[in-house]
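So you know, we letter chains A, B, ... as the sequences are listed, proteins then strands, and number each from 1.
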There are 4 protein chains.
Amino acid sequence: MVNADECLREAVPETKDRILEAALLVFGEKGYHNATMAEIAEAAAVGKGTLYWYFSSKEKLFSGMVEHGLGLLERKLRAIISDPTLSFPGLFKRITGYYLEFAYTHRHLARIFLNSLHNLHDNDELHNQFLQLHNRFNKLNSELIRRGYREGYLRPDLETERAETALAGLLSAFIGRCILIDGDHQLAAEADFMYDCFVNGLGRR
Amino acid sequence: MVNADECLREAVPETKDRILEAALLVFGEKGYHNATMAEIAEAAAVGKGTLYWYFSSKEKLFSGMVEHGLGLLERKLRAIISDPTLSFPGLFKRITGYYLEFAYTHRHLARIFLNSLHNLHDNDELHNQFLQLHNRFNKLNSELIRRGYREGYLRPDLETERAETALAGLLSAFIGRCILIDGDHQLAAEADFMYDCFVNGLGRR
Amino acid sequence: MVNADECLREAVPETKDRILEAALLVFGEKGYHNATMAEIAEAAAVGKGTLYWYFSSKEKLFSGMVEHGLGLLERKLRAIISDPTLSFPGLFKRITGYYLEFAYTHRHLARIFLNSLHNLHDNDELHNQFLQLHNRFNKLNSELIRRGYREGYLRPDLETERAETALAGLLSAFIGRCILIDGDHQLAAEADFMYDCFVNGLGRR
Amino acid sequence: MVNADECLREAVPETKDRILEAALLVFGEKGYHNATMAEIAEAAAVGKGTLYWYFSSKEKLFSGMVEHGLGLLERKLRAIISDPTLSFPGLFKRITGYYLEFAYTHRHLARIFLNSLHNLHDNDELHNQFLQLHNRFNKLNSELIRRGYREGYLRPDLETERAETALAGLLSAFIGRCILIDGDHQLAAEADFMYDCFVNGLGRR
DNA sequence: TATGAATGAGTTTTCATTCAT
DNA sequence: CATGAATGAAAACTCATTCAT
């Protein structure tokens with residue numbers, strides 16, 4: 001039996017969640033610098049002061065929102081990579097495919113993440129947070145690559161660091177397309193292409 | 001024969017050039033939103049009003065600066081691609097190598113370019129300018145890919161658009177490393193790696 | 001005989017008293033404008049709303065606190081002045097000495113009192129309250145002066161109002177020193193000096 | 001010959017002076033915390049931004065204004081004290097009389113100065129500035145007292161520091177009356193009384 | 001051409017106060 | 001009695017832009 005209170009709580013998300021959703025919307029639409037706290041407050045249907053009750057500054061709200069949103073992605077990716085039944089090719093396609101899917105459904109967040117690294121270097125605190133965030137995803141990617149290596153799918157003389165860079169580049173380029181171009185993407189097909197490109201290259205045999 | 005005017009022009013760069021250089025420095029250091037016209041004026045050693053004599057707004061100064069800086073890169077790349085003596089592998093490595101070299105010596109500009117696309121979407125005018133700029137470079141890249149295709153280095157069934165995306169991704173990822181990581185990079189070696197990855201893939205044969 | 005209620009009251013001061021103490025601490029430390037209700041609530045270990053149950057506004061809390069604190073001083077001074085066994089010199093030194101002692105042990109309150117008159121004139125309600133407060137102490141001082149006059153210690157042609165002003169000036173200057181300068185003060189010696197200065201002057205005979 | 005420009009400059013005070021006057025008016029009327037930059041700007045008939053062109057913060061404007069205003073007083077007092085033709089009694093009355101006169105015509109400034117010491121202790125920078133200011137005036141007063149001592153008007157066993165405190169107390173109390181009470185004051189008579197009180201005391205001979 | 005004082009709209013942030021629980 | 005989440009008015013401060021000189 002669920003009481004009335006809980007029903008209500010489901011129907012109208014808790015204030016903090018409403019704020020996080022509004023922040024995602026507005027920051028995603030306008031970028032960090034052009035978004036105003038007033039807009040976010042309005043979008044969340046709360047007073048400006050309420051924002052500051054939950055987050056001590058615009059900066060903290062921004063980073064809180066990113067952490068919240070990308071936490072979901074990270075947990076899902078970790079779940080996929082922990083699946084022992086998948087061998088490298090399947091794993092690669094599941095991972096990259098999920099990246100694309102996530103970016104497709106959370107464009108704002110994806111855009112923010114793609115820009116964050118080079119873009120917030122005027123702000124030490126935020127910049128460091130994003131460096132750490134990128135590192136976490138890089139480690140995840142690097143785990144994927146090591147799996148390919150151990151299972152014998154990748155070259156024995158592989159330079160891991162460069163391979164990671166290449167993978168990250170492919171990922172962000174295809175994610176970028178999902179964001180920029182509307183209309184339906186064949187996400188699975190894109191993942192297949194990325195695998196083919198990464199493993200076999202685009203050269204003639 | 002060099003006339004007096006030109007001598008002077010060499011010694012003390014014309015006002016407009018000083019402004020463009022100062023803009024590059026300041027925008028590159030602080031990003032579009034955190035840079036102020038006052039800082040740029042000071043860095044250029046001119047009055048704030050002078051900025052507005054040459055550029056009607058901050059926005060126009062920014063885009064003028066990007067156009068100015070990347071114009072150099074574009075011309076150089078076109079010169080390389082027009083060289084008939086180079087076959088695809090050499091051409092690919094010259095092109096990508098020059099991208100890296102340019103990014104390495106013009107970090108600020110490179111950073112601005114990498115971010116610009118996703119980052120300025122709050123500003124229609126600037127955003128469109130950058131879309132066009134990216135298109136110009138994409139066309140250049142696509143020309144490179146078609147060369148590889150025509151010369152038989154790339155797969156007969158190549159999906160050109162996706163190949164372009166992949167190339168752009170590789171490029172920006174390796175450019176990003178040049179920017180973020182100090183210390184000397186083996187730019188030529190990176191270009192070789194990119195070629196290998198793009199054409200042969202990283203898979204075991 | 002002490003009943004249970006009083007025991008409890010001793011152990012855990014009643015909410016209102018805790019608030020008054022906290023207000024004294026925080027207002028004294030930060031001044032009226034820089035103190036926040038939130039800080040006071042925290043210092044009193046009550047919720048912010050509780051403050052408003054006892055005092056209808058920040059202003060009322062402030063004036064309540066002053067009244068509470070200076071009430072003690074006033075009652076004590078009245079007790080001294082009512083003592084029929086003291087003649088003018090002893091009375092003067094007891095009174096001024098107690099002023100100094102009180103200021104020394106209640107620095108916050110003393111500081112607030114010293115400033116209040118000139119400082120809160122932007123706030124009619126508070127300002128009037130402090131005018132009245134000062135008047136009450138001035139009357140006390142004037143009583144002291146009249147005693148000196150009646151007992152023949154002071155000039156027959158004394159201009160009472162000016163004498164009051166002079167006494168008030170001496171008092172606040174020496175009180176100010178107690179507040180500003182740490183370390184032990186010879187409070188009794190200061191009181192003696194004040195008497196000497198007030199009655200005999202500092203000129204050579 | 002005075003040209004039109006200079007005439008104009010006389011008629012409409014330079015912007016910075018207008019700001020300083022407006023600041024004196026508004027800070028004096030409302031106190032530091034209750035005065036707003038917007039009000040001061042309006043009183044000076046300039047835009048809010050202009051305030052910040054001349055003073056980097058509210059704090060700096062406040063301290064600039066005090067320095068400006070009290071600088072006048074200090075210079076005048078120094079001129080008086082340097083007059084070799086005056087002996088102690090005349091000097092004392094001239095000095096104290098000028099204090100009163102200045103306070104009477106610059107009530108706002110006088111009020112600010114009286115409160116500053118105890119009142120701004122929440123703000124380190126301002127507080128230190130005022131400590132120094134008070135020290136400068138204390139040195140001036142102490143010079144006056146040493147003159148009286150050297151000329152044999154004051155007791156041979158004088159405790160200088162206490163005498164300074166007493167003088168400062170008398171001064172601020174009488175200055176305070178000038179500020180609080182409207183109507184004409186017999187400033188010269190007050191100065192005479194202060195001398196009498198300080199040197200001879202109010203006791204019967 | 002070049003300048004820099006002047007502007008004010010727009011932003012983040014604070015905090016006394018309220019009120020449903 | 002007591003709480004603390006929610007509010008919004010108000011304040012300091014920034015900075016692109018203008019314009020008289």
Side-chain angles (χ1 to χ4, degrees), chain A residues 5 14-16 18-19 33-42 44-62, chain B residues 14-16 18-19 32-42 44-62, chain C residues 14-16 18-19 32-42 44-62, chain D residues 5 14-16 18-19 33-42 44-62:
Chain A
D5 269 18
E14 292 295 328
T15 308
K16 188 169 183 177
R18 284 216 316 284
I19 290 174
H33 290 292
N34 280 84
T36 72
M37 295 299 264
E39 280 173 306
I40 295 170
E42 200 185 9
V46 298
K48 254 178 306 175
T50 310
L51 260 39
Y52 288 87
W53 181 261
Y54 290 96
F55 300 92
S56 58
S57 67
K58 185 185 187 182
E59 199 172 296
K60 285 274 194 287
L61 171 55
F62 185 70
Chain B
E14 289 295 329
T15 308
K16 187 168 184 179
R18 284 217 314 283
I19 291 174
Y32 179 74
H33 287 104
N34 281 82
T36 72
M37 294 298 266
E39 279 173 307
I40 295 169
E42 198 187 13
V46 299
K48 258 182 305 190
T50 309
L51 258 41
Y52 285 86
W53 203 90
Y54 290 96
F55 301 92
S56 60
S57 69
K58 186 186 188 184
E59 205 171 287
K60 285 275 195 283
L61 171 55
F62 185 71
Chain C
E14 289 297 328
T15 308
K16 188 168 183 178
R18 284 217 315 282
I19 290 174
Y32 179 74
H33 287 103
N34 281 83
T36 72
M37 294 299 265
E39 280 172 306
I40 295 169
E42 198 186 13
V46 300
K48 257 181 307 188
T50 309
L51 257 41
Y52 285 86
W53 202 90
Y54 290 96
F55 301 91
S56 59
S57 68
K58 186 186 187 184
E59 204 170 289
K60 286 274 197 284
L61 170 55
F62 185 71
Chain D
D5 269 19
E14 291 296 327
T15 309
K16 190 169 182 177
R18 283 217 315 283
I19 291 173
H33 289 293
N34 280 85
T36 72
M37 294 300 265
E39 278 173 306
I40 295 170
E42 201 185 8
V46 298
K48 253 179 306 175
T50 309
L51 260 41
Y52 288 89
W53 180 261
Y54 291 96
F55 301 93
S56 59
S57 67
K58 186 186 186 182
E59 200 172 296
K60 285 274 196 288
L61 171 56
F62 185 70

Peer 1: Heavy atoms only, 4.0 Å cut-off, all strands: where does B:Ala35 land among base, sugar-phosphate and nothing?
Peer 2: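 If one applies the 4.0 Å heavy-atom cut-off, B:Ala35 turns out to touch the sugar-phosphate alone, with no base involved.
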
Peer 1: Could you go through C:Trp53 and C:Thr15, starting from their C-alpha distance and side-chain angles, then the distance that decides it, and tell me whether this counts as side chain to side chain contact (heavy atoms under 4.5 Å, CB included)?
Peer 2: CA-CA 11 Å; C:Trp53 202 90; C:Thr15 308; over 6 Å; no

Peer 1: Separation of B:Ile40 atom CD1 from E:dG4 atom P, in whole Å?
Peer 2: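 In whole Å, E:dG4 P lies 17 Å from B:Ile40 CD1.
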
Peer 1: Looking at F:dG4, I'd like to know if its phosphate oxygens (OP1 or OP2) sit under 4.0 Å from a side-chain N or O belonging to C:Lys48.
Peer 2: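 No, outside the criterion.
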
Peer 1: If you find the nucleotide of DNA chain E closest to B:Gly49 and the one closest to A:Gly49, which residue's nucleotide is nearer the 5' end?
Peer 2: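 Final value for this comparison: B:Gly49.
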
Peer 1: By nearest heavy atom, map D:Ser57 and C:Tyr54 onto DNA chain F; which one lands nearer the 5' end?
Peer 2: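 This one resolves to C:Tyr54.
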
Peer 1: From the list E:dT7, F:dA12, E:dA16, which nucleotide is the closest neighbour of the side chain of C:Met37?
Peer 2: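 Of the options given, the side chain of C:Met37 lies nearest E:dA16.
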
Peer 1: Now, which nucleotide makes the Watson-Crick or G-U wobble pair with E:dT14, with each of the two distances under 3.5 Å?
Peer 2: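 E:dT14 is paired, partner F:dA9.
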
Peer 1: To the nearest Å, how far apart are A:Leu51 CG and E:dT14 C1'?
Peer 2: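 It is 14 Å, rounded to the nearest whole Å.
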
Peer 1: Would you say C:Thr15 places a side-chain N or O within less than 4.0 Å of OP1 or OP2 belonging to F:dA2?
Peer 2: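 For F:dA2, OP1 or OP2 has a side-chain N or O of C:Thr15 closer than 4.0 Å.
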
Peer 1: Testing the basics here: between C:Lys60 and C:Phe55, what is the closest heavy-atom pair and its distance to 0.1 Å?
Peer 2: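 Minimum heavy-atom separation between C:Lys60 and C:Phe55: O-CD2, 3.8 Å.
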
Peer 1: Nearest whole angstrom, please: distance from the P of E:dC15 to the OH of C:Tyr52.
Peer 2: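 Answer to the nearest Å: 12 Å.
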
Peer 1: How do A:Gly47 and C:Ala45 order along DNA chain F: which one's closest nucleotide is nearer the 5' end?
Peer 2: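 The 5'-side residue here is C:Ala45.
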
Peer 1: Would you mind reading off the distance between C:Ile19 atom CD1 and F:dT3 atom C1', rounded to a whole angstrom?
Peer 2: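 Taking atom C1' of F:dT3 as the reference, CD1 of C:Ile19 is at 12 Å.
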
Peer 1: Check every strand shown and say whether A:Ala44 touches a base, only sugar-phosphate, or nothing at a heavy-atom separation below 4.0 Å.
Peer 2: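 Since no nucleic acid heavy atom lies under 4.0 Å of A:Ala44, the category is nothing.
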
Peer 1: Looking at F:dT7, I'd like to know if its phosphate oxygens (OP1 or OP2) sit under 4.0 Å from a side-chain N or O belonging to A:Thr50.
Peer 2: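 Affirmative; the distance criterion is met.
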
Peer 1: Run the numbers on C:His33 and D:Asn34 for side chain to side chain contact (heavy atoms under 4.5 Å, CB included), then give the verdict.
Peer 2: CA-CA 9 Å; C:His33 287 103; D:Asn34 280 85; 2.7 Å; yes

Peer 1: Mind calculating the distance between NZ (C:Lys58) and P (F:dA9) to the nearest angstrom?
Peer 2: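 For the pair C:Lys58 NZ and F:dA9 P, the rounded distance is 20 Å.
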
Peer 1: Figure out the CD/P separation between A:Glu39 and E:dG10, and round it to whole Å.
Peer 2: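 It works out to 12 Å between those atoms.
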
Peer 1: If E:dA20 has a Watson-Crick or G-U wobble mate with both distances under 3.5 Å, name it; if not, just say none.
Peer 2: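 For E:dA20, the partner nucleotide comes out as F:dT3, under the 3.5 Å rule.
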
Peer 1: Whole angstroms only, please: what is the CD-P distance between D:Glu42 and E:dT7?
Peer 2: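 My rounded result for the distance is 13 Å.
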
Peer 1: In whole angstrom, what separates A:Leu61's CG from E:dT11's P?
Peer 2: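 To the nearest whole Å, that distance equals 16 Å.
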
Peer 1: What are the two closest non-hydrogen atoms of C:Ala44 and C:Arg18, and how far apart are they?
Peer 2: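 Looking at all heavy atoms of both residues, the closest pair is O-NE, 3.0 Å.
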
